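Beneath this line is the structure, given in structure tokens, with notes to follow.
Numbered from 1 within each chain, the chains take letters A, B, ... in sequence-line order. Bear in mind that the values here come from a model prediction, so they are computed numbers and not experimental data.
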Amino acid sequence: MKTLLDIDYVTRDDKVIIRLFYKKKDGREIEEVTDFKPYFYAVPVDTEKLKGELKKFDRILKIEKKRMVDMKKEIDVLKITVKQPKDVSELRDKIKNLEYCKEVREAAIPFVERYLIDSGLIPMENSEEVGLRIAAFDMEVYNPRGEPNPERDPIIMISYADNLGLKRVWSYKHENIKLDFLEILKDESMIIKKFIDTVNEQKIDIITSYNGDNFDFPYLKDRASRLKINLSLGIDGSVIKLERRGMNLGARVRGRPHIDMYPICRQVFNLSRYQLEDIYLEIFGRKKLDIDVGEMAKVWNSEDIDGLKKLFEYSLSDAVSTLEIAMTLLPLQYELSRITRDLIYESSRSGSGQRVESLLMRKAHEMNILAPNKPSDRLAEERQRTSYTGAYVVEPIKGIHDNIVLFDFRSLYPSILISYNIDPSTIDCECCPEDNYKTPTQHYFCKKKKGFIPRILSELVTKRIEIKKKLREEKDPEKRRLLDVEQHAIKLLANSAYGYYAFARARWYSKGCAESIAALGREYIHKTIREVENFGFKVVYGDTDSVYVIKPKEVDKEKIIDDANSFLKKINEELPEAMELEFEGFYPRGIFITKKRYALMDEKGILIVKGLETRRRDWSNIAKETQNKVLNAILHEKNPEKAAEIVKGVVKRIRKGDVALRDLAINTQITKGLGEYVQPGPHILAAKKAMKRGYEFKRGDIVTYVVTKKGVSISDKARIIDFVEEGDYDAEYYINNQVLPAVLRILEALGYSEDELKGFGKQMRLGSF
DNA sequence: TACCAGAGGAG
DNA sequence: AAATCCTCTGGTA
């Protein structure tokens, strides 16, 4: 039993050798593969003539004629096998331009990926059985002037935790501090060496970090090279490698995958901020030890025993938390790696488009399908310029409704994709008669031959149904956990297929397919609305694949639910087999404000809020909490007067000046390069002010700012929270631009006239309550 | 007041 | 480097 962690290749004597890095129960294994050669395909204009042209290239080992499926037809291709991976990139452009070559295909696939596709090996298989040894690490860096600089600022401690139970902080200088996990070594060099040695001695298989790709490893690498230390963390003694991955970096350790939990957390959770503390709180529901990092250098230079102890404890808690997060989130990553058959290093850094594509590449190879080429940058931009019509959203009936039933389609888009056989190879086929079903977009889909992607998707859906069945029968919690992860991974992939068709950089891009799926989705939701209204319900809202309905004049909950089920029975008989409308919930009361903004109260009295300020990171807690209280007063007690009292109290508190900074903070992401803004908002101005004081901000960062008293415009007044004193906030801004808009919108939907609201708002603004 | 860029949510 | 639909803010003219 073994699990495949990593693959690379080396060349010896002009021969390419693939190395497979396995973890076994009792150790490691590196297997060498010498009989796999790089290759690509050429599509000939004339097969024999192209063969003739190819004779002049001496790096070619073999040329074979093959028949392969290319979208709607079968074609002849030449499989060109070469000596080394670099020969592929060198030869492909020359061969592409030959007179008798139409195009080259599968000629830009990295060699390791090529091998993974062809070998059918499954990375991370048996990952739960081999006993993977997982370590997390974190560093603290001397930062006397804000952002540390590797040219001058040393690493002052490295913390380490692994799933064998070892917990360590390595540091220097403070020999008098005694803590059971703390080892005071001679200097910075020694702590780096100790870290490398420990990873090797503990025989660690997977290294995890929190933002190791873009902070810890680049910093560590820089410091190590200044100190003339080899960062030889690789299984084979190789040093870590920093790779460019789009806008970011990836830190690669050979044979011992480094998994950065930060991008995974950004993908998995929807949070206001993604500091380690925020994630820890989200997953475990308890606070992680925290310190003021701005004070770290001061404490480091002091002899403050308690302060220093706290600093070391904090450092350890970072590594321990990272390990705990990894132990929680990695199983899903392993499963995604198994399904897509990408190495865990790649898979854990992939987006949904890349994952779908990896899966398709593997399946295409199994089915003798020639993969379409990736689009050029120019073609991708071209594709991006044209949009298409997506989902339908029902204009809500504003205000309060009682006894609301929610219906929605189970996996609407995947089920349409499968039911209608929507695929680039089946769209507008030539083999089907004229009366074939036309979607509202005027496309139709082959009825004779099942498409490639519908086939894969229905396999996935079938597999998921089987897993869910097993899950229902399984008692062992450990096995249940694994089955649940399995079905979850499949769901993620299935739900990405529609978006993949419209993804400009996709190989199997097809706008026609994407817009047909969306158009059919609209037809089905319209059909549902029509029929549910004929059945005596009234639609109060709906979005894409869901409808919220009420039964006017009916007050008996049981009767409403009975009717809902009768309706479901009727409509599901009319729907295609793979499609199903489901009973999703019953809500005693709800308030609808606008499209995509509403709140519901469930039968337990729990508030479910969608789209409103309460759900947005770019609104302050004070506004969000007040809105939430107002919603509760209205939905629980139908008591707008109480709501008004709540608001009155909050306005008073804001005026008094004793609202805590953390309740005034607004989080906004920097979504573009700082120089690219035409209209920079308050968060950008706040970030720029902070940068003058040594802070670093870049695209992707979330700025946490407060609107202070100092300045004229809102942007003037915005400062990042670290630089704001408690009490320094613009009360009028928080009253007029935060709390009041958030709550007045709710009251407006209740039917207060605009004039009443103006008075209401004005009164509050004047503080006359 | 109308308009636009920008952000982040829903599904 | 998955898609579209939609609301709302802050700044500008």
Side-chain angles (χ1 to χ4, degrees), chain A residues 244-248 263 267 270-272 349-357 360 374-375 377 380-381 383-384 386-396 406 408-413 417 492-511 513-515 517-519 521-522 525 541-548 584 593-598 608-619 623 666-672 676-685 699-700 702-703 707 712-718 733 736-738 741-742 744-745:
Chain A
R244 277 241 149 264
R245 298 185 68 85
M247 300 230 311
N248 291 316
Q267 199 172 67
N270 177 17
L271 301 179
S272 293
R349 290 167 176 77
S350 295
S352 37
Q354 184 51 247
R355 282 202 194 110
V356 171
E357 189 144 292
L360 297 182
K374 279 192 178 166
D377 287 354
E381 280 164 29
R383 288 172 174 180
Q384 208 121 44
T386 59
S387 187
Y388 64 91
T389 309
Y392 171 66
V393 185
V394 181
E395 185 65 49
L406 169 58
D408 71 5
F409 280 95
R410 172 165 48 74
S411 304
L412 179 67
Y413 286 179
L417 191 153
L492 284 179
L493 275 161
N495 286 341
S496 308
Y498 157 74
Y500 176 80
Y501 275 149
F503 171 36
R505 311 209 86 103
R507 290 175 187 265
W508 279 271
Y509 171 86
S510 172
K511 193 164 75 96
C513 288
E515 66 179 337
I517 293 170
R522 293 195 300 274
I525 204 68
Y541 181 58
D543 186 345
T544 311
D545 58 356
S546 64
V547 281
Y548 290 90
E584 186 56 36
I593 316 294
T594 60
K595 287 180 177 180
K596 300 190 187 279
R597 293 164 64 86
Y598 58 95
I608 296 138
V609 184
K610 302 286 183 179
L612 295 172
E613 286 72 14
T614 298
R615 295 291 298 252
R616 296 179 64 97
R617 71 152 81 107
D618 55 353
W619 282 74
I666 296 166
N667 297 296
T668 311
Q669 190 178 193
I670 301 173
T671 60
K672 36 172 77 187
E676 295 168 33
Y677 279 92
V678 180
Q679 264 193 44
H683 65 303
I684 303 300
L685 278 282
R699 189 185 304 213
I702 292 168
V703 181
V707 177
V712 184
S713 68
I714 294 164
S715 286
D716 276 346
K717 295 176 181 179
Y733 172 82
N736 294 321
N737 297 39
Q738 291 279 326
L744 289 182
R745 262 193 282 280

key: For A/Arg383 against A/Pro375, the heavy-atom pair lying closest together   = NH1-CG, 3.4 Å
request  = Check A/Asp545 against A/Ile525 and note the closest heavy-atom contact, atom names and distance.
outcome  = C-CD1, 3.6 Å
task = Would you indicate what A/Gly611 reaches in the nucleic acid, counting non-hydrogen atoms under 4.0 angstrom: base, sugar-phosphate, or nothing?
result = sugar-phosphate
query = What nucleic acid atoms does A/Ser350 come within less than 4.0 Å of, heavy atoms only: base, sugar-phosphate, or nothing?
reply = sugar-phosphate
ask   = Using a cut-off of less than 4.0 Å, is there contact between a side-chain N or O of A/Arg505 and OP1 or OP2 of C/dA1?
value = no
ask   = Any side-chain heavy atom of A/Lys596 sitting closer than 4.5 Å to one from A/Asp543?
value = yes
request  = Taking salt bridge (charged side-chain N to carboxylate O under 4.0 Å, His left out) as the test, write out the residues that go with A/Asp618, two or more places apart.
outcome  = A/Arg616
task = Indicate whether OP1 or OP2 belonging to C/dA2 is found under 4.0 Å from a side-chain N or O atom of A/Gln354.
result = no
task = Calculate the interatomic distance between A/Tyr677 atom OH and B/dA5 atom P; express it in whole Å.
result = 14 Å
query = To the nearest angstrom, how far is A/Leu612 atom CG from B/dA10 atom P?
reply = 9 Å
Euclidean distance, atom NZ of residue A/Lys672 to atom P of B/dA5 [Å, nearest integer] = 9 Å
note = Contacts of A/Tyr392 meeting ring pair (Phe, Tyr, Trp, His ring centres under 6.0 Å) (sequence neighbours excluded), chain-then-number -> A/His526
remark   = Whole-Å distance, A/Asn270 CG to B/dA10 P, equals 7 Å
Spacing of A/Arg244 atom CZ relative to C/dA1 atom C1', expressed in whole Å = 14 Å
query = Could you state the NE2-C1' distance from A/His683 to B/dG8, rounded to the nearest angstrom?
reply = 11 Å
query = Which one, B/dG8, B/dA5, B/dA10, comes nearest to the side chain of A/Val678?
reply = B/dA5
request  = Would you classify A/Arg355 as touching base, sugar-phosphate or nothing, given that sugar-phosphate means primed atoms plus P, OP1 and OP2, and contacts are heavy atoms under 4.0 Å?
outcome  = nothing
ask   = Hey, does A/Arg522 reach any base, or is it just sugar-phosphate, or nothing, if we go heavy atoms under 4.0 Å?
value = nothing
task = Do nucleotides 5-11 of chain C as a string where each nucleotide becomes B, S or -: B if the base has a protein heavy atom under 4.0 Å, S if just the sugar-phosphate does, - if no protein is that close.
result = BSSSSBS
request  = Kindly give the heavy-atom pair with the smallest separation between A/Ala518 and A/Tyr413, and that separation in Å.
outcome  = CA-OH, 4.1 Å
Spacing between A/Leu685 atom CG and B/dA5 atom C1', to the nearest angstrom = 14 Å
ask   = Checking all strands, does A/Tyr509 fall into the base, sugar-phosphate, or nothing category for heavy-atom contacts under 4.0 angstrom?
value = nothing
message = Distance check needed: B/dG6 P versus A/Ile684 CD1, whole Å only.
response = 9 Å
request  = Mind checking A/Gly499 for me? I need base, sugar-phosphate or nothing, with any heavy atom below 4.0 Å counting as a touch.
outcome  = base
query = Between A/Tyr541 and A/Tyr548, how do the two ring planes meet: parallel, tilted or perpendicular, split at 30° and 60°?
reply = parallel
